[in-house]
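Structure record follows, encoded as structure tokens.
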There are 2 protein chains.
Amino acid sequence: MKAKNSLNPALVVKRAIAIVDSDGLDALTVRKVADEFGVTPMALYWHFANKEALLASVGDAVVADLRMPAASLGLEDYIREAMTSLIDVMRAHPSTAPLVAQQIMQNETGRDLTEACLERLAQNGFTVEKSAAVVHYAMQIAMTLVSGEPGAEIAVKPTERQTVRAEKLAVLLSLPEDRYPRLRAAAPAMIDCGDSDDYYASGIDIFVAGVMAEARALADA
Amino acid sequence: MKAKNSLNPALVVKRAIAIVDSDGLDALTVRKVADEFGVTPMALYWHFANKEALLASVGDAVVADLRMPAASLGLEDYIREAMTSLIDVMRAHPSTAPLVAQQIMQNETGRDLTEACLERLAQNGFTVEKSAAVVHYAMQIAMTLVSGEPGAEIAVKPTERQTVRAEKLAVLLSLPEDRYPRLRAAAPAMIDCGDSDDYYASGIDIFVAGVMAEARALADA
DNA sequence: ACCTGAACACCGTTCAAGT
DNA sequence: ACCTGAACACCGTTCAAGT
């Protein structure tokens with residue numbers, strides 16, 4: 001017989017994050033969470049309206065660690081810091097990245113960050129539409145960088161990642177050398193990005209440089 | 001009684017794409033496809049090893065329309081054309097974007113496009129690692145731009161999109177004006193990007209500008 | 001207020017059998 | 001070669017009932 005009040009939303013979310021971290025997002029089922037608490041699946045429905053609500057709570061919990069960049073920063077550094085902050089939060093629990101992206105506007109810090117970015121973009125000549133687009137790109141790109149990190153294979157269980165990587169590499173290396181010399185040479189780098197920090201820094205650099213190019217174009221007009 | 005040979009991979013994939021287009025990727029189930037052919041779910045397993053293989057075939061079928069940019073183009077225009085080509089292919093069947101991204105290297109045109117991009121990046125001083133990263137970013141960003149197009153709501157059935165959009169807008173407009181003036185002003189643009197072509201052109205511009213900034217940095221070194 | 005138990009309508013997939 | 005039929009191990013979720 002289980003004690004009452006053994007369940008509460010915060011505890012459930014914590015367990016859910018642990019499951020997602022170890023086995024991927026698809027492994028997060030209502031029944032599995034319930035099992036780990038030694039409780040009936042339906043017990044969770046007292047604390048969450050449905051699975052969607054649980055997923056939203058997971059996203060919100062991960063977003064909670066989001067930090068605001070220093071308010072004194074100019075456009076370029078602010079965008080860079082905002083992206084870095086977002087990515088850092090997602091990297092802590094990579095498989096939750098899609099949930100974080102979906103939940104960010106429901107979170108106070110997420111909204112404050114968005115507002116601050118929109119403010120800086122407006123100050124630099126971006127129209128409302130352009131600003132909205134840039135903020136949207138930033139969130140989406142942060143998510144894909146994390147979800148699609150080569151070598152991380154977020155959708156696959158950690159135990160099987162090595163195998164999946166090896167298979168992918170073998171496929172690329174089986175291509176004819178005369179037709180795909182660059183692809184074969186780049187194969188290891190495409191399957192595993194090597195240094196994660198470099199991978200993210202490079203991605204952020206490209207995005208920030210792109211936004212600044214747009215800013216210059218607007219300033220010239 | 002059903003006629004034999006009523007099923008073949010090409011027909012099944014065509015039906016699958018139709019289902020995904022009208023009801024989203026989650027609506028694509030083995031049972032639903034079978035139903036539409038008036039056939040047992042297990043009939044599909046003669047033509048496809050499993051659902052994963054069916055999804056791969058769907059991705060491959062959509063990638064098939066990918067076109068190669070003119071070989072004479074320089075780095076900037078080539079990257080732009082490659083991105084545009086990828087995005088155009090995905091926009092034809094937006095909900096399949098993740099499948100396309102996953103399948104692109106299994107497709108001949110996809111590999112040729114990748115090889116050509118890697119070649120041009122190498123000619124412009126990009127290291128193997130940097131080239132691999134840029135190509136990877138391009139694919140991932142193309143996918144998120146399409147999957148995350150504001151107003152498209154790929155995961156939601158077309159009939160419910162209007163409602164979902166209205167709810168999202170209401171949430172943003174309920175925020176306090178003194179704290180979130182920019183967010184409120186940008187709300188309509190964030191929920192619906194208005195002109196899709198502008199949205200994609202702007203996203204491509206930012207990415208290409210970012211890559212060219214990197215190219216200049218490498219040329220200076 | 002908080003959880004159980006049985007049931008329902010779904011999944012993908014196996015395995016043996018039909019034609 | 002191509003498909004059926006029954007079965008299995010999963011899902012999320014409803015609804016009524018227990019304490």
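Any value given below was found using the heavy atoms of this structure, including those in side chains, with hydrogens, waters and symmetry copies removed. Within every chain, numbering begins at 1; the chains are lettered A, B, ... in the order of the sequence lines, protein sequences first and strands thereafter.
- Contacts of A:Leu169 classified as side-chain contact (heavy atoms from CB on, under 4.5 Å), with partners at least two apart in sequence or in another chain: A:Leu173, A:Ala187, A:Pro188, A:Ile191.
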Could you list the donor-acceptor pairs under 3.5 angstrom formed between side-chain atoms of residues 141-154 of chain A and any protein atom two or more places apart in sequence or on another chain?
residue, atom, partner, partner atom, Å
A:Thr144, OG1, A:Gln140, O, 2.8
A:Thr144, OG1, A:Ile141, O, 3.3
A:Thr144, OG1, B:Thr144, OG1, 3.3
A:Ser147, OG, A:Met143, O, 3.3
A:Glu149, OE1, A:Tyr200, OH, 2.7
A:Glu149, OE2, A:Ser196, OG, 2.5
A:Glu153, OE1, A:Lys168, NZ, 3.2

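- Not a single side-chain contact (heavy atoms from CB on, under 4.5 Å) links B:Asp26 to another residue, sequence neighbours left out.
- Residue pairs satisfying the side chain to side chain donor-acceptor pair (under 3.5 Å) criterion with at least one member in residues 34-48 of chain B, sequence neighbours excluded, are listed as follows: B:Arg15-B:Glu36.
- Looking at residues two or more places apart in sequence or on another chain, you find a side-chain contact (heavy atoms from CB on, under 4.5 Å) between B:Ala82 and B:Pro69, B:Leu113, B:Cys117.
- Comparing D:dT4, C:dT13, C:dC3 against the side chain of A:Ser6 picks out C:dC3 as the nearest.
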### Query
Does the pair A:Glu119 and A:Tyr78 meet the rule for a side-chain contact (heavy atoms from CB on, under 4.5 Å), with working shown?
CA-CA 11 Å; A:Glu119 173 69 20; A:Tyr78 202 93; over 6 Å; no
### Summary
Dot-bracket assigned to DNA chain D with the 3.5 Å Watson-Crick/G-U criterion, [ ] for crossing and | for other-strand pairs, is ||.|||||...|||||.||
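- Residues from residues 46-58 of chain A lying near DNA chain C, meaning a heavy-atom separation below 4.0 Å, are A:Trp46, A:His47 in numerical order.
- In this structure, B:Arg31 places its CZ atom 15 Å from P of D:dC11, rounding to the nearest Å.
- For B:Gln106, the CD atom sits in a packed shell: over 12 heavy atoms of surrounding residues, nucleotides or ligands are nearer than 6.0 Å.
- Protein atom CG of A:Leu44 is 11 Å distant from nucleotide atom C1' of C:dC3, rounded to whole Å.
- For B:Ala122, the side-chain contact (heavy atoms from CB on, under 4.5 Å) test picks out A:Arg182, with sequence neighbours left out.
- Distances from the side chain of A:Leu7 to the nucleotides C:dC3, C:dA7, D:dC15 place C:dC3 closest.
- The separation between A:Phe37 atom CZ and C:dC2 atom C1' is 15 Å, rounded to whole Å.
- Listed by first then second residue, pairs satisfying salt bridge (Lys or Arg N to Asp or Glu O under 4.0 Å) with a partner in residues 46-65 of chain B number zero, not counting sequence neighbours.
- Residues from residues 16-26 of chain B placing a heavy atom under 4.0 Å of any atom in DNA chain D do not occur.
- In this structure, A:Met42 and A:Ala27 both approach DNA chain D, and ranking their closest nucleotides by distance from the 5' end singles out A:Ala27.
- Not a single side-chain hydrogen bond (donor to acceptor under 3.5 Å, both in side chains) links A:Arg31 to another residue, sequence neighbours left out.
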Which donor-acceptor pairs under 3.5 Å do the side chains of residues 7-14 of chain A make with protein atoms, sequence neighbours left out?
residue, atom, partner, partner atom, Å
A:Asn8, OD1, A:Ala10, N, 3.1
A:Asn8, OD1, A:Leu11, N, 3.0

